[in-house]
Protein chains: 2
Amino acid sequence: MAGFAEKIRLFVAADLGENAEIPLAREQAHYLSTVMRRQPGDRLRVFNGRDGEWVAEIVAADKRGGTLCLLSHARPQAAPPDVWLAFAPLKKARTDFVAEKACEMGCRRLIPVLTRYTNAERVNTARLGAHAIEAAEQCGLLNVPEVAAPQSLDAFLADLGPRQVMFCDESGAGAPAAAALKQAPPGPWAVLIGPEGGFSPEEAARLRAHPGSHAVSLGPRILRADTAAVAALTVWQTLLGDWERGPQDQGAPG
Amino acid sequence: MAGFAEKIRLFVAADLGENAEIPLAREQAHYLSTVMRRQPGDRLRVFNGRDGEWVAEIVAADKRGGTLCLLSHARPQAAPPDVWLAFAPLKKARTDFVAEKACEMGCRRLIPVLTRYTNAERVNTARLGAHAIEAAEQCGLLNVPEVAAPQSLDAFLADLGPRQVMFCDESGAGAPAAAALKQAPPGPWAVLIGPEGGFSPEEAARLRAHPGSHAVSLGPRILRADTAAVAALTVWQTLLGDWERGPQDQGAPG
């Protein structure tokens, strides 16, 4: 039972260390006690994005709240490569998918960027964060991307500083992504995925004029935004990120 | 109005040619007349995966059925690279996503493969086909992957013939995907994505022993199956497929 229970992984906010007592959020306590029927003494794993992964034991948990006690350090914290994912928000379900893909693909930051043809008025960043956390919990990941507040394209470009940015140019003017990145500098990067309607001509011109910007194409077929995010990050991780490393280097989950 | 209406694209079964009359399926006629409020004389685009894309005019459409008349040939048929996507079926929503990703990523065939740890008993291939068609309609694609009946891993391997197969090996024994494919032969390929629990040790051994099989890893983080499908196909299309071509080569949709 204890071994089976360790398959549960929870993201917590608290600092993690030897013998620390960790308070459970109400919904986590409910999940453990009512949904998964775990009891005091059962084990699970916890992580917070800073202190690696720990084996924890349930001290108490019911539907109103609970406490864990940390038993042992299971995996050291890994630092993913420094890449951000910025995207024009979409319909709700696809935006949720982008958030989980950003997490699985090892992004440090997820940024909703409002463009001229963006087809969404409001962005629920708490919901995006919850989807990223769920992906991290289920995929054995140690990092959860920070979800930034929605910002304009101008504000996004101003925040980049010297960071390189790769944007997907549906006009066909961009170089194939792999060819473009082969000659590109390493260091901090961002991947920017435009809205369904593409960037406006003014936006595309502003992007091309931005220092450190790289217009790329992702093949001859038009991809939906969530697909384009995974494809662009795959090329980036392969050529400039950490995909030359095998799965064991992140530490397999329990 | 007519120009706007051309943004609608429908996949049809009939052969397409000059002045052909095309019967509408009941749900397509309902979609055009009731959902999109189109009327006789309005235009749209149709494709069937064989005869390219055509501009069509509505002759008649109400919620029970309708007819189109073809006006002009808009784009020639493109043949995507010869790659299949095989995957162990997942929960319903994720399986739907795999079907649409297979289409966007230019696969010719989508094959549900039942493995030892596959977490789904039934596969609705009609539903998979509908999701692939919807992706093709919305993304301006000319090809829809054929959806095969679910088959066992043994039957899948037997059907491959001389086709190369790349499978994602979560054990860490696989080479990074880009490195593995750089030295791999061109020609027909398949990408095989395992179930959430991975392949059983016997299945992994059988896969490794199969002639023309390539065990690959997709980075240090564990990916969900739909993410892994897009990532693996991105590497394949980049190194052995058609991603060196820009978006204009497939012909931009109207």
Side-chain angles (χ1 to χ4, degrees), chain A residues 78 80-81 93-94 97 100-101 103-106 135-136 138-143 168-179 181 196 216-224 226-239 241-253, chain B residues 78 80-81 93-94 97 100-101 103-106 135-136 138-143 168-179 181 196 216-224 226-239 241-253:
Chain A
R94 285 198 190 270
F97 264 83
E100 77 171 44
K101 296 322 174 213
C103 185
E104 291 174 50
M105 296 299 294
Q138 291 181 8
C139 294
L141 306 175
L142 295 174
N143 295 279
C168 301
D169 185 346
E170 291 182 347
S171 74
L181 292 198
E196 260 180 56
V216 306
S217 72
L218 295 168
R221 287 164 292 276
I222 290 175
L223 305 177
R224 282 171 165 153
D226 54 329
T227 313
V230 174
L233 287 165
T234 295
V235 177
W236 189 87
Q237 290 286 11
T238 297
L239 290 170
D242 63 5
W243 277 29
E244 293 304 305
R245 291 157 54 192
Q248 69 280 46
D249 298 343
Q250 206 241 358
Chain B
R94 283 196 193 273
F97 264 83
E100 76 170 44
K101 295 323 173 213
C103 185
E104 292 173 49
M105 297 299 294
Q138 291 181 9
C139 294
L141 306 174
L142 294 176
N143 296 279
C168 301
D169 184 347
E170 290 182 347
S171 75
L181 291 198
E196 258 179 56
V216 307
S217 72
L218 294 168
R221 288 164 291 278
I222 290 175
L223 305 177
R224 282 170 165 152
D226 54 329
T227 313
V230 174
L233 287 165
T234 295
V235 177
W236 189 87
Q237 290 286 11
T238 297
L239 291 169
D242 64 4
W243 277 29
E244 293 304 305
R245 290 158 55 192
Q248 69 278 47
D249 298 342
Q250 205 241 357

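Each chain gets a letter, A, B and so on, in the order the sequences are listed, and its residues count up from 1. Computation of the quantities below employed the complete heavy-atom set of this structure, encompassing side-chain atoms and omitting hydrogens, waters and symmetry-equivalent molecules.
- Contacts of A:Ala135 with chain B are made by both backbone and side-chain atoms, with heavy-atom separations under 4.5 Å.
- Counting only distance, with no hydrogens or angles, the side chain of B:Glu244 and the backbone of A:Pro176 share no donor-acceptor pair below 3.5 Å.
- Using a 4.5 Å cut-off between heavy atoms, A:Glu196 does not touch chain B at all.
- For the set A:Ala178, A:Cys103, A:Gly106, the entry with the most heavy-atom pairs within less than 4.5 Å of chain B is A:Gly106.
- No other option in A:Thr227, A:Leu239, A:Val230 has as many heavy-atom pairs under 4.5 Å with chain B as A:Thr227.
- Side-chain contact between A:Lys101 and B:Leu223 is absent, with no heavy-atom pair separated by less than 4.5 Å.
- At least one donor-acceptor pair under 3.5 Å links the side chain of B:Asn143 to the backbone N or O of B:Ala78.
- Ion pairing between B:Arg94 and B:Asp226 holds under the 4.0 Å rule for side-chain N and carboxylate O.
- Heavy-atom distances place the side chain of A:Thr238, and not its backbone, under 4.5 Å from chain B.
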key: Verdict with reasoning, B:Arg224 to A:Glu104, per salt bridge (charged side-chain N to carboxylate O under 4.0 Å, His left out)   = CA-CA 8 Å; B:Arg224 282 170 165 152; A:Glu104 291 174 50; 3.7 Å; yes
